[in-house]
Amino acid sequence: MKILCVAEKPSIAKEVSRILSGGNFRTRNSKNKYIKNYDFKFNFPRKGSCDVTMTSVVGHLTGVDFPPAYKWGNCIAGKLFDAEIVEKVMKQDVFDNIVNEARNSGQLMIWTDCDREGEYIGYEIFKAASKGNNRLAIENIWRSRFSHLERSHIIQAAANPVTLDLKAINAVSCRIELDLRVGASFTRLLTDALKNKSVIDAKDVASYGTCQFPTLGFVVDRYKRVKSFTPEKFWHIQVELAKDGVKTNFNWTKGHFFDRLYVMNLYQECLKHKDGKIIKLEQKRRSNYRPLPLTTVELQKDCSMFFKMSAKAALEAAEKLYNRGFLSYPRTETDTFPATFDFKGTIERQTSDSRWGEYASRLLTNGIENARSGNKNDEAHPPIHPVNYVNINTLTSADEKKVYEYVVRRFLACCSKDAIGQQTSATLLWGDETFTSSGLMVTEKNYLEIYTYKKWESSKQLPKFIQGEVLPITGGIIKEGKTTAPNYMTETELIALMDANGIGTDATIAEHIDKIINRGYVVKEKKKGEIIVPSPLGMGLIEGFDGMDFDNISLSKPFLRKRLETSLQQIVDGTTTKDEVLAELKGLYKQAFSVSNRNINQLVNYCKTVISENS
DNA sequence: GCAAGGTC
């Protein structure tokens with residue numbers, strides 16, 4: 001019996017082949033330069049000794065589009081909500097390889113990632129394989145379930161296949177259809193209308209996407225909050241006292257008030273007392289936690305914050321390092337290491353480095369701390385970690401140097417002890433009011449020694465107060481402050497917002513940000529750090545849509561996309577169906593489209609006004 | 001010329 005195994009990407013095909021064959025496999029090339037076919041023997045408990053060919057695709061095999069009758073210009077944009085959709089092969093050479101290899105195979109086994117998209121890619125592989133071999137039936141397809149590449153886990157997965165999950169496949173096909181219909185119809189509507197009035201160049205496209213616009217919406221929303229902010233004054237009491245020649249400031253436990261007179265009255269009462277009394281002294285042990293295992297989103301947030309690197313550049317650098325075997329797979333949502341993870345071996349490979357090698361050695365001698373466990377798991381990939389050692393001086397790209405060093409330091413930090421400090425705090429009673437002051441002493445830096453990006457330092461120490469002691473107040477004043485505007489959006493914050501609202505995935509968040517930059521909807525600006533602000537066009541589009549009278553929905557906010565995500569999960573869980581979700585969400589977007597279509601001139605004129613006001 | 005999702 002011959003069994004054809006197909007993974008989602010070349011690296012998995014190679015590694016699984018190596019494990020199942022015990023290293024004894026033959027490699028054949030395919031027409032695609034990334035894809036190899038591996039032949040070996042393996043004993044499947046259900047079939048006995050089999051000839052296996054293991055190969056892979058490179059992500060999705062097929063894409064969707066409208067038939068020629070619905071080409072841009074051939075029909076009105078609104079028609080696209082109910083137009084026929086055709087599937088097209090995007091990578092013919094990859095597709096052909098599956099067709100060929102399936103011809104004389106008695107069994108197909110899918111080894112794609114254990115997530116929703118992986119299930120759908122499995123279905124695409126099945127369809128390609130059936131082209132070459134019509135004896136393959138979907139209900140007989142083996143689907144392996146594996147979440148990492150540890151040997152015994154892979155052997156287990158090979159022995160215990162399940163069937164393809166049609167519910168997950170339907171969920172993805174629902175997403176694909178909705179994104180295409182909504183994206184294409186709104187993009188054509190916007191582009192044609194804006195071009196018609198010369199708001200955008202003839203060569204430009206004004207795209208709408210279910211992820212692009214909520215992303216743009218976040219940026220516009222923040223920008224408007226900054227611009228419309230009016231500071232408000234507030235008042236509070238601050239006290240200073242001196243002991244042993246050391247002056248210490250105490251802060252009011254009541255915080256601050258916006259009513260000056262009220263604060264004034266309390267202050268007047270305080271002033272009747274010359275002395276204050278230390279009524280409480282406390283010593284607390286403080287921990288500063290080592291970081292969680294690294295996900296893609298965290299990597300991008302940190303690289304943006306620490307190195308001013310765009311999310312896209314960070315992911316690209318990590319991908320290059322992965323392709324040369326230096327880092328593990330860089331697209332992961334998992335922040336927990338598998339129980340079998342080889343921490344010792346991974347740390348040992350870093351001991352020769354001149355920057356962090358000594359620390360790595362010390363960890364090995366003094367004991368590796370168990371990494372913390374987060375609560376995210378994509379069931380497909382482990383957290384990002386260094387695989388093989390590379391001296392960063394030999395890397396040519398500055399981004400790659402930074403990303404590799406960061407991943408190593410982050411990993412070593414994960415295996416280190418938390419930082420420990422002692423916090424001393426004192427409470428002072430002055431008249432009827434209480435005030436506090438505290439000092440921090442970092443006693444053990446631990447992970448902070450290696451994770452140099454983060455600062456947690458000792459503050460000024462408190463003098464040795466004594467419980468109950470009465471000390472003269474050397475300064476008690478009313479201080480005026482004012483509320484400050486929120487800051488402009490940083491890329492780090494934008495990534496966090498998208499992640500929290502389910503806009504995009506670990507693999508696509510960076511692309512969405514990049515896209516709205518390339519469309520000219522937002523720009524990056526240097527202003528004490530890098531910020532992202534909307535362009536007049538981006539402002540105009542969001543405010544234009546927000547000004548329309550939709551029925552309880554918004555085209556610029558993340559709610560609809562989030563609702564889709566929730567519905568997709570319900571399809572997977574079996575509590576609803578693809579048809580129901582499509583009917584509901586397509587209906588909502590279709591309504592919004594017809595309102596937009598009616599008011600498109602208003603939107604265009606509005607964009608025009610905003611642009612001319614800002615030029 | 002349109003989307004978002006995989007991956008190289």
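All values derive from a computational prediction rather than experimental measurement. Quick note on labels: first sequence line is chain A, next is B, and so on, each numbered from 1.
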(request) Mind calculating the distance between CG (L178(A)) and P (dG5(B)) to the nearest angstrom? (result) 12 Å
(message) Listing request: all side-chain hydrogen bond (donor to acceptor under 3.5 Å, both in side chains) pairs with a residue in residues 591-608 of chain A, at least two apart in sequence or in separate chains.
(response) E543(A)-Y606(A)
(request) For L61(A) and dC8(B), give me the distance from atom CG to atom C1', rounded to whole Å. (result) 14 Å
(request) Find the distance K14(A):NZ to dT7(B):P and express it as a whole number of Å. (result) 18 Å
(message) Check the phosphate of dA3(B) against R561(A), side-chain N and O only, distance under 4.0 Å to OP1 or OP2. Yes or no?
(response) no
(message) Does either side chain, that of N32(A) or that of N97(A), offer a donor lying less than 3.5 Å from an acceptor on the other one?
(response) no
(message) On the nucleotide dG5(B), are OP1 or OP2 found under 4.0 Å from the side-chain N or O atoms that R175(A) carries?
(response) no
(request) Whole angstrom is fine here: how far is it from CD1 in I35(A) over to C1' in dC8(B)? (result) 10 Å
(message) Regarding D65(A), tell me which of base, sugar-phosphate or nothing describes its non-hydrogen contacts under 4.0 Å with the strands shown.
(response) base
(message) So, OP1 or OP2 of dA3(B): does either fall under 4.0 Å of a side-chain N or O from S207(A)?
(response) yes
(message) Looking at Y329(A), I'd like to know whether one of its side-chain N or O atoms comes within less than 4.0 Å of OP1 or OP2 on dT7(B).
(response) yes
(message) Students often get this wrong, so: under 4.0 angstrom with heavy atoms, is G183(A) touching a base, only sugar-phosphate, or nothing?
(response) sugar-phosphate
(message) Taking any heavy-atom pair under 4.0 Å as a contact, classify V182(A): base, sugar-phosphate, or nothing.
(response) nothing
(message) Can you tell me how the ring of Y208(A) sits relative to the ring of F545(A), calling it parallel under 30°, perpendicular over 60° and tilted otherwise?
(response) perpendicular
(request) Mind listing the residues from residues 571-595 of chain A sitting with a heavy atom below 4.0 Å of DNA chain B? Number order is fine. (result) none
(request) Let me know the distance between CG of D204(A) and C1' of dG1(B), rounded to the nearest Å. (result) 10 Å
(request) May I ask you to verify if any side-chain N or O of R324(A) is less than 4.0 angstrom from the OP1 or OP2 atom of dC8(B)? (result) no
(request) Starting at atom OH of Y521(A), determine the distance to atom P of dC2(B), rounded to an integer number of angstrom. (result) 11 Å
(request) Just call it for I176(A): base, sugar-phosphate, or nothing, with non-hydrogen atoms closer than 4.0 Å on any strand. (result) base
(request) Using the aromatic ring of Y208(A) (for Trp, its six-membered ring), decide whether it stacks on the base of dA3(B) within the limits of 5.5 Å and 30°. (result) no
(message) Once salt bridge (Lys or Arg N to Asp or Glu O under 4.0 Å) is applied, what residue pairs with a partner in residues 190-200 of chain A remain, sequence neighbours excluded?
(response) none
(message) If the threshold is 4.0 Å, N to carboxylate O, is there a salt bridge linking E379(A) and R116(A)?
(response) no
(message) From CG of D115(A) over to P of dA4(B), roughly how many Å is that when rounded to an integer?
(response) 19 Å
(message) If you assign each of E319(A) and F213(A) to its closest nucleotide in DNA chain B, which residue comes earlier from the 5' end?
(response) F213(A)
(request) Nearest-nucleotide wise, let me know which of T187(A) and E8(A) is further upstream toward the 5' end of DNA chain B. (result) T187(A)
(message) Tell me if the aromatic rings of H148(A) and F341(A) count as close, with their centers under 6.0 Å from one another.
(response) no
(message) Which nucleotide wins on minimum distance to the side chain of R331(A), given the candidates dG1(B), dT7(B), dA4(B)?
(response) dT7(B)
(message) Does a side-chain N or O of T505(A) approach OP1 or OP2 of dG5(B) to a distance below 4.0 Å, or not?
(response) no
Atom pairs and distances, side-chain donor-acceptor, residues 171-183 of chain A, under 3.5 Å, sequence neighbours left out:
from    : atom 1 : to      : atom 2 : distance (Å)
S173(A) : OG     : K578(A) : NZ     : 2.6
R175(A) : NE     : E117(A) : OE2    : 2.9
R175(A) : NH1    : D179(A) : OD2    : 3.4
R175(A) : NH2    : E117(A) : OE1    : 3.2
R175(A) : NH2    : E117(A) : OE2    : 3.2
E177(A) : OE2    : R181(A) : NE     : 3.0
E177(A) : OE2    : R181(A) : NH2    : 3.1
D179(A) : OD1    : T210(A) : OG1    : 2.8
D179(A) : OD1    : R561(A) : NH1    : 2.9
D179(A) : OD2    : R561(A) : NH1    : 3.3
R181(A) : NE     : F81(A)  : O      : 3.3
R181(A) : NH1    : L80(A)  : O      : 2.8
R181(A) : NH1    : F81(A)  : O      : 3.2
R181(A) : NH1    : A83(A)  : O      : 2.8
R181(A) : NH2    : A83(A)  : O      : 3.0

(request) Select one nucleotide: of dA4(B), dG1(B), dT7(B), the one nearest the side-chain heavy atoms of C211(A). (result) dA4(B)
(message) Of the options dA3(B), dG5(B), dC8(B), whose atoms approach the side-chain atoms of T508(A) most closely?
(response) dG5(B)
(message) Taking any heavy-atom pair under 4.0 Å as a contact, classify G504(A): base, sugar-phosphate, or nothing.
(response) sugar-phosphate
(request) Return the nearest nucleotide to the side chain of V205(A); candidates are dT7(B), dC2(B), dA3(B). (result) dC2(B)
(message) Any side-chain N or O of H60(A) below 4.0 angstrom from OP1/OP2 of dA4(B)?
(response) no
(message) Rounded to whole Å, please give me the gap between CZ in R519(A) and C1' in dC2(B).
(response) 8 Å
(request) Applying side-chain contact (heavy atoms from CB on, under 4.5 Å), name anything that partners S105(A), two or more places apart in sequence or on another chain. (result) K2(A), L4(A)
(request) Kindly say if K515(A) contacts the phosphate of dA4(B), meaning a side-chain N or O under 4.0 Å from OP1 or OP2. (result) no
(request) Could you tell me which residues satisfy ring pair (Phe, Tyr, Trp, His ring centres under 6.0 Å) with H381(A), sequence neighbours excluded, listed by chain and number? (result) Y329(A)
